[in-house]
Each structure stands twice: as C-alpha cells, then as structure tokens.
There are 2 protein chains.
Amino acid sequence: MSKHLSDEWGKGTPNSTSPEHETAGTTTQTEADALYKMAEVSRVLRSATSTIEKLAHLVSGTSDLTLMHCLVLVHLSKAATCKQLELKSATGIPPAHLTKLLDELAHRGLVRRIRSSWDRRQIILALTEPGRETALRLLTSLHKLADKTQLDEIERLGSSLEHFVSTTENDARLDGKGEED
Amino acid sequence: MSKHLSDEWGKGTPNSTSPEHETAGTTTQTEADALYKMAEVSRVLRSATSTIEKLAHLVSGTSDLTLMHCLVLVHLSKAATCKQLELKSATGIPPAHLTKLLDELAHRGLVRRIRSSWDRRQIILALTEPGRETALRLLTSLHKLADKTQLDEIERLGSSLEHFVSTTENDARLDGKGEED
DNA sequence: TATTGTTATACTCTATAACTATA
DNA sequence: TATAGTTATAGAGTATAACAATA
C-alpha cells in the first residue's frame, strides 16, 4: 500500500463516463458501457428484491416478518401439521436458513416445534393460535393486493428472470466448466 | 429451474380472484399462491444477481473482484483523474461501501488514493499500473461477451425490472407508509 | 454549518462445512 | 452409512448513524 505521488495521471480524457452512452464504434467505450449496465441491472435487481420484501411487510402489517417468514407461516397454515423436511422442500429455503427463520417464528410464539415420535430426527411444525391468526391476516391482506395486478407483474418478472438466468448461464458457461447438475 | 415451491401451485391459476369480498377462507388458496410466487421470484431475483456477478468473475478472471470492483476499476481507467465524489455519483455506490471497495482495491495495489491539495476533504483516485492492466484486461474480456448477446439480455432484464419496481412501488405506496390496520 | 469520507453496526439471503442425533 | 436438523462462518450489497476533518 504505497502512497507515492507519481505523475502518471494527467492525460486529457474528460470525465464523460456516464452510465448511459450510445457509442457504438469505439471498442473500449462499448465494453465499459456494458459494465455500467451490468452494475446498474445488478442494483435494480436488488431494488426489485426489496420491493417484494416491502410488499411482504405491507401484507404482514409489520416489518418484523420477512417474505420468508410469511411464506413459512402461510405454508404452515394450510397444513394441519408439517414436517420441517416438507417445509424445506416446499419452500426451497435452505436448511440452515430455515432453522433460523423457525427460531424467530418460535420466539415470537407463532410456531411450535415438536419432535416427531416415530422418527425422532424429524420435527413437526404447527402454528400456534397467534400464528394462525397472523397467517390468516396475511392471506387477507394479500387478497387486497391480488386485484392490484401487482401479482401479475411479479409473475411476469419471474419469467423474465428465469429466462435471463438460464440463457445467460448457459451461454457463458458461468459454472466454471459447464458440467454440473 | 430448481424445484418448485409446492405441488399446490404451478398450475396455471388465472388471476380470477373474487374482487369484492374478503372471504378469508375460500380464496386463501389463491392468496397463498401469490405468496409462493413472490417468494420464488424473490429467489430468482437473487439468482439473477449472482448470474451477473459470475459474469463479472468470468470477465475479471478472478473471483476476488466483484462487479462493483470491476465497475470502479473501469471507471477509473477511463478518467485520468477521478475524485471519489465523482466515482460515487457515477457508480451510485453508497459512500460506506465505496470506501470498503477502495480499501480492497488499494490493498491489492490496483488503486491509489491521494488527498486533494486544493480541497483536503476530497480524495483523488488513480489506477496503478497493475490496476490499469487489470482494467484493460477486463474490458478486453468483456468484448468477448459483447457479441454473445448476453448484454442484450441484461439490458432487457433491466428494463423489466425498472418497470416492475416503479409500477409496483407506485401501486402499493410501498415507500414510507406500510401501516394499515 | 455543510460537505467528504470513514467506521461500525445491523440486516437480507446465500453457501459451506462441521456437527449432533437418530435411523 | 445416510438422513434431519443445528450451528457457525463468510460472503454480497444495502441502510443507518456517528464521527472525523475540512471547508
């Protein structure tokens, strides 16, 4: 981490490196633009994520519950009992994360964990009364959004995303070798 | 695609929710589906993010540099001199994060920080020789992607996302107020 | 007082690995 | 040995707040 004051900066390039350029001739310029675009999309990707998260907050009426919390609650509210294993595969939430979510939910008294007696490795999940109420409230609030066509948007977005991910990953062999399953 | 959320959705449920009554009991199925969808899109959102990040790794030839690192490098490579302030507004990277990125870049000897002498609050950034080389290499690799139409995809995706964010946020008044009871 | 930049914390989800208990 | 679940760590970026130094 040397901090020498060299004089290697003093060329005459103007600071016209804004993210939106339409130059289609100079090579480096175009590539730089591509990077800018990637960065920007990356940002919008996150902002879309947070949009959905906000939707979840709106729906749950509290910002204490994330989308994933809601998902768990709702899933649980539709099955009288649910093994954690099922929940995991149904929601796609990775085990470690699921444990934490369940911790939080149980901490709030919304979910109860019971060890299965026929297979003591497994855990049976059930909503408590408050949990059930919360889930119901969630569903009800969701109902209001339903006719707001946001869900439509979300769905559409999902398709675009999937398309993007699959074509891009495919196209660029991003997974290192292209041999993975 | 990863495994779908549950067998309970995935059939083409049209948005035919009863648009008037809040029957929390009959329509719950549809609402639950909505939540599942949101969760999945949320997941795909992240997976798209990581796809772009992988693209950055691919382009930089190392997984040590994230997209944001690349962005900084490239931006710096196009301006002889760049104030941190400019970099911040050009890239949209929040100050705290930018400091960390610059730390890492400087640590690798790719970037040099020099306090401006006319306004000692500001910091002038410049690439070192290795930094410049890295940036150049980046741009070159990017060139190969450019004709792979992935950039196109990215752009398209960006538009969809922006559209989604603006319409959704707008529609639900997500920003700021989310309290309703 | 306002600005530039740094530091520190907390938060989201993801990804691993290592570990327990049970089968 | 394989499975279910837990714990711990690390990573990305975001969002704050509080703070320094300088203007």
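We use all heavy atoms of the structure for the numbers below, so side chains are in, but hydrogens, waters and symmetry mates are not. Per chain, numbering begins at 1; letters A, B, ... match sequence-line order. Keep in mind that this is a model prediction, so the values were computed, not measured.
The phosphate of C/dC13 has OP1 or OP2 within less than 4.0 Å of a side-chain N or O from A/Thr66. For D/dT6, one of the phosphate oxygens OP1 or OP2 lies less than 4.0 angstrom from a side-chain nitrogen or oxygen of A/Gln84. Checking the phosphate oxygens (OP1, OP2) of D/dA4, no side-chain nitrogen or oxygen of A/Arg113 falls inside 4.0 Å. A close approach under 4.0 Å does occur between a side-chain nitrogen or oxygen of B/Arg43 and OP1 or OP2 of C/dT14. When the side-chain nitrogen and oxygen atoms of B/Ser50 are compared with OP1 and OP2 of D/dA12, none of them lie within a distance under 4.0 Å.
Projected onto DNA chain D by closest heavy-atom contact, B/Arg120 and A/Leu102 fall at different nucleotides, the more 5' of which corresponds to A/Leu102. Mapping A/Ala96 and A/Leu101 onto DNA chain C by nearest heavy atom places A/Leu101 at the nucleotide closer to the 5' end.
The side chain of B/Arg121 lies closest to C/dA2 when the candidates are C/dA2, C/dT7, D/dA2. Minimum atom distance to the side chain of B/Thr99 is reached by C/dG5, of the listed C/dG5, C/dT14, C/dA8. Distances were taken from every side-chain heavy atom of A/Ile123 (C-beta onward) to each of D/dG5, C/dT7, C/dC13; the shortest belongs to D/dG5. Listed nucleotides D/dA23, C/dC13, C/dG5 differ in distance to B/Asp119; the shortest reach to its side chain belongs to D/dA23. The side chain of A/Leu85 approaches D/dG5 more closely than any other nucleotide in the set D/dT7, D/dG5, D/dA12. The side chain of A/Pro94 approaches C/dT14 more closely than any other nucleotide in the set D/dT7, C/dC13, C/dT14.
The NE2 atom of B/His97 sits 13 Å away from the P atom of C/dT6 (whole-angstrom rounding). Residue A/Lys100 contributes atom NZ, which lies 8 Å from atom P of C/dT12 at whole-angstrom precision. For A/Leu45 and C/dT14, the CG to P distance is 13 Å, given to the nearest whole Å. Distance, B/Met68 CE to D/dA12 P: 12 Å, rounded to whole Å. The distance from atom CG of A/Leu98 to atom P of C/dT16 is 18 Å, rounded to the nearest whole Å. Between the CZ atom of A/Arg115 and the C1' atom of C/dA23 there is a distance of 13 Å, rounded to whole Å. In this structure, A/His107 atom NE2 and D/dT6 atom P are separated by 14 Å, rounded to whole Å. The separation between B/Glu40 atom CD and C/dC13 atom P is 16 Å, rounded to whole Å.
Recorded end-axis angle for the helix from C/dT1-D/dA23 to C/dA23-D/dT1 stands at 30°, based on five pairs per end and rounded to 10 degrees.
Looking at heavy-atom distances under 4.0 Å, A/Pro95 makes contact with a base.
Residues A/Lys88 and A/Pro95 have side chains in contact (heavy-atom distance under 4.5 Å, counting atoms from C-beta outward). B/His57 is not listed as a side-chain neighbour of B/Leu65, based on a closest heavy-atom distance of 4.5 Å or more. B/Val111 places a side-chain heavy atom less than 4.5 Å from the side chain of B/Leu73.
Of the charged side-chain nitrogens involved, none lies within less than 4.0 Å of a carboxylate oxygen, so that B/Glu40 and B/Lys37 do not count as a salt-bridged pair.
Judged by distance alone, with hydrogens and angles left aside, the side-chain atoms of A/Glu53 form a donor-acceptor pair with the main-chain N or O of A/Leu67 at under 3.5 Å. Remark: side-chain polar atoms of A/Ser77 are not paired, donor with acceptor, to backbone N or O of A/Arg132 under 3.5 angstrom. Formation of a donor-acceptor pair under 3.5 Å by the A/Thr168 side chain with backbone atoms of A/Val165 is not found in this model.
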Walk me through it: do A/His69 and A/Thr66 pass the test side-chain hydrogen bond (donor to acceptor under 3.5 Å, both in side chains)? CA-CA 5 Å; A/His69 289 123; A/Thr66 68; 3.0 Å; yes
